[in-house]
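Heavy-atom basis, side chains included; hydrogens, waters and symmetry copies ignored.
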Number of protein chains: 2
Amino acid sequence: MPAQHTRDGGTPRRHQTAARSARPTGHDVADAAGVSQATVSLVLGGKWEGRVSPRTAEAVRAAARTLGYRPNLAARTLRLGRTRTALLVVPALTGEFFAAVHQGAVEVATSHDFGIVLYPSPEGIEKTPDPFASARTALDGVIASSMAPDALATLRGEGLPLVMLDSDEGDCDATVNVDIADGMRQVAAHLLALGHRDVAHLAADVDSWTFTARAEALAHALRAGGGAVVRTERAALSVAGGLDAATRVLAPGSARTPTAVVCDDDLLAAGALKAARRLGLRVPEEVSVTGFDDLTLATAVEPELTTVALPAQRVGAAGMEALLAVVEGRPPRPVRLPVRLLERGSTGPRP
Amino acid sequence: MPAQHTRDGGTPRRHQTAARSARPTGHDVADAAGVSQATVSLVLGGKWEGRVSPRTAEAVRAAARTLGYRPNLAARTLRLGRTRTALLVVPALTGEFFAAVHQGAVEVATSHDFGIVLYPSPEGIEKTPDPFASARTALDGVIASSMAPDALATLRGEGLPLVMLDSDEGDCDATVNVDIADGMRQVAAHLLALGHRDVAHLAADVDSWTFTARAEALAHALRAGGGAVVRTERAALSVAGGLDAATRVLAPGSARTPTAVVCDDDLLAAGALKAARRLGLRVPEEVSVTGFDDLTLATAVEPELTTVALPAQRVGAAGMEALLAVVEGRPPRPVRLPVRLLERGSTGPRP
DNA sequence: CCGTCATAGTTTTACGTATAACGCGCTCGC
DNA sequence: GCGAGCGCGTTATACGTAAAACTATGACGG
């Protein structure tokens, strides 16, 4: 006999004085229920039917309950190699948009016995290029809205399923898109209907596919309706950035002054509102302003922003569903979610 | 010989056809470097000095590098029983405050080889009373800003180090507080200096210690300076909630109309601004409004909010430092961080 | 020439779980 | 009456890592 186990039926098994109140293991439950650890695993794993009698199964469950047993995740992971855990990569924790995305993903995940851990990356994804270290556990898949090239390469090298949210990245297993283009089309149609022809675009100074798409869709839709983007101004993605850029756009002396300012984001639109007020322009009587994303801020400012609401929660849910499909070997189909224009007080007829 | 290992020096060790591109283990590195797995662990663990020759150590490191070896976290956790991972419990993901708290905590954590995983709980902490399941890994400690009683009991039962942020919870190992009372004192002093005496308080309708503390501190400070809270109105913690409550407070016909409205949060203050405008009251000429927390929103509205800025990032950093102290057995000392009043456009002299 | 000690490793074990492989006592069909 | 099958378990093993215990080789002092 090469090595007798310390654990031989009933005798205390910890070397220490038990002062640390160590968590009970499957062996403890087995001892308490008078069965073997294997049986405990079978019962608690739910695959005991036909292998363990109902009476014994109930005894095991009772023992587990009274001991407050919870399986050791590390051991389970080591054994299975899978964790039923997905990483959700979000560009920053600040945004309300991703808070809703997260919530949607969590709801789908929990209903499929999956877990979600967040990887919020301050200042883009550049700073911490190792999502794995951040996750603190093995992963079964990744859902990401944007990702630095090297981080993406690491992921692909690991062979992890990857779902991209609102991105044009081709090298992934599934995509979930929001119909940004249609949102801008709705904005354009709304402004054209109000008589506007000359529109300025406050473009977020962020190198991301979604903003490129916004610019293109806006220009296209306006032209198709007889209008035009007469000026594009890049702005830092903040209220102050919007204020600066809008001030440049709306300042008198410009050759062809726009009657409407379309912003890539509500933050910029809030800044535009401030700029208009400082320049003595009334909104929406003298100039119309539109936002994007429908943040809390959109109804906090006066007038309230006409903006485009994105189905953030559904984005998260669809992302998680797609990941589940990939993990389970089903073919995920690409998703494109609709958006909705909310007409509020910041837009009106052309002066 | 009871059981010969599958792994006997050089022979392929996977049962599968290696198509899965499994991650290399410490044994693979050992084979590549011509040493044993124990040596690999020693070298990569950094405690090889005096036990392994520099030449061998370098060979091991080189092999690990070329194979792209990264230790299996689950195995390490199982072995060590510790994870160098802390759970940060935040009430919701939406708030900018906790985004900054998180960032501060992460910075301190990473510099001490610790990790942080988030536990964002939608709708208070009630919904998912099991932080452990959410963490998806074993934990070495918890930092929490608020916590449902049963979740807290679970935590304590586990014997996990617990640091509370901005709470009066006594049953924890360390606390980090923000000097909310001083913030309200500064607000009161500011308003008193502007001549205000009759002040309304828009109280957040949230059952949390921090808001109770705000109310008490405000009343106290005002009374000490010859003023008074002539009216307290509870409001849902949102712009709409602030709008409702402020409308009730500012509507004409009240016996003793306040000349200033102090709000528990910038969201409420933004609502108060809207209420004033709808009632035809100019801010700050006819009524002053103050906020709390200095959200992005505070400078997006017009006029910009006079508000109290909290050192969110330092809260997170201090929380993580306290947790490290507890984990390492050092006595953590309680922290109380200062706040700062930002005087902006929403407050002015009493009419 | 032998015991001691340092160097440079290796062998072995344990962590807690899931599961494949293996009993063992009964009951049946024939 | 006896092998086959079934119901109900148990035993043994592997996952990858860290670290305690051990081994082998040489140097050196007395």
ask   = Between dT17(D), dT11(C), dA12(D), which one does the side chain of Ala38(B) approach most closely?
value = dT11(C)

message = Of the listed nucleotides (dG9(D), dT17(C), dG16(D)), which one gets closest to any side-chain atom of Thr56(A)?
response = dG9(D)

ask   = At under 4.0 Å between heavy atoms, what does Val40(A) touch on the DNA or RNA strands: base, sugar-phosphate, or nothing?
value = nothing

ask   = Considering heavy-atom distances to DNA chain C, does Pro71(A) or Gln37(B) have its closest nucleotide positioned more toward the 5' end?
value = Gln37(B)

query = Looking just at side-chain N and O atoms, do Arg136(A) and Thr137(B) make a donor-acceptor pair shorter than 3.5 Å?
reply = no

query = dT10(C) P sits how many Å from His27(B) NE2, rounded?
reply = 12 Å

Closest heavy-atom pair and its distance - Ala57(A), Val52(A) = N-CG1, 3.9 Å

Atom-to-atom span, CG of Asp28(A) to C1' of dG16(C) - whole angstrom = 10 Å

note = Here the distance between atom P of dT10(C) and atom CG of Asp31(B), to the nearest Å, is 11 Å

inquiry  = Could you tell me how far apart Arg55(A) (CZ) and dC8(D) (P) are, to the nearest whole angstrom?
reply    = 11 Å

query = Taking for each residue the nucleotide of DNA chain D bearing the nearest heavy atom, is the 5' side occupied by Ala57(A) or by Leu78(B)?
reply = Ala57(A)

query = Does Ser53(A) have a side-chain nitrogen or oxygen under 4.0 Å from the phosphate oxygens OP1 or OP2 of dG9(D)?
reply = yes

note = Rounded to whole Å, the CZ-P distance (Arg23(B) to dT17(D)) equals 8 Å

request  = Give the nucleotide from the list dG9(D), dT19(C), dT10(C) with an atom nearest to the side chain of Arg51(B).
outcome  = dT10(C)

task = Taking all non-hydrogen atoms of both residues into account, name the closest pair between Pro161(A) and Leu323(A) and its distance.
result = CB-CD1, 3.8 Å

ask   = Mind checking whether Met320(B) and His112(B) have side chains closer than 4.5 Å, heavy atoms only?
value = no

inquiry  = What contact category does Gly45(B) fall into here, base, sugar-phosphate, or nothing, at under 4.0 angstrom with non-hydrogen atoms?
reply    = nothing

message = Let's see if you can work this out: which of dG9(D), dT17(D), dT12(C) has an atom nearest to the side-chain heavy atoms of Thr39(A)?
response = dG9(D)

ask   = Separation of Lys47(A) atom NZ from dT17(C) atom C1', in whole Å?
value = 12 Å

task = Specify the separation, in whole Å, of atom CD of Glu58(A) and atom C1' of dG9(D).
result = 18 Å

message = Nearest whole Å is fine: how far is dT19(C) P from Leu42(A) CG?
response = 9 Å

key: Short side-chain to backbone donor-acceptor contact, Asp173(B) and Leu162(B), under 3.5 Å   = yes

Minimum-distance nucleotide to Ser36(B) side chain [options: dT19(C), dT11(C), dG9(D)] = dT11(C)

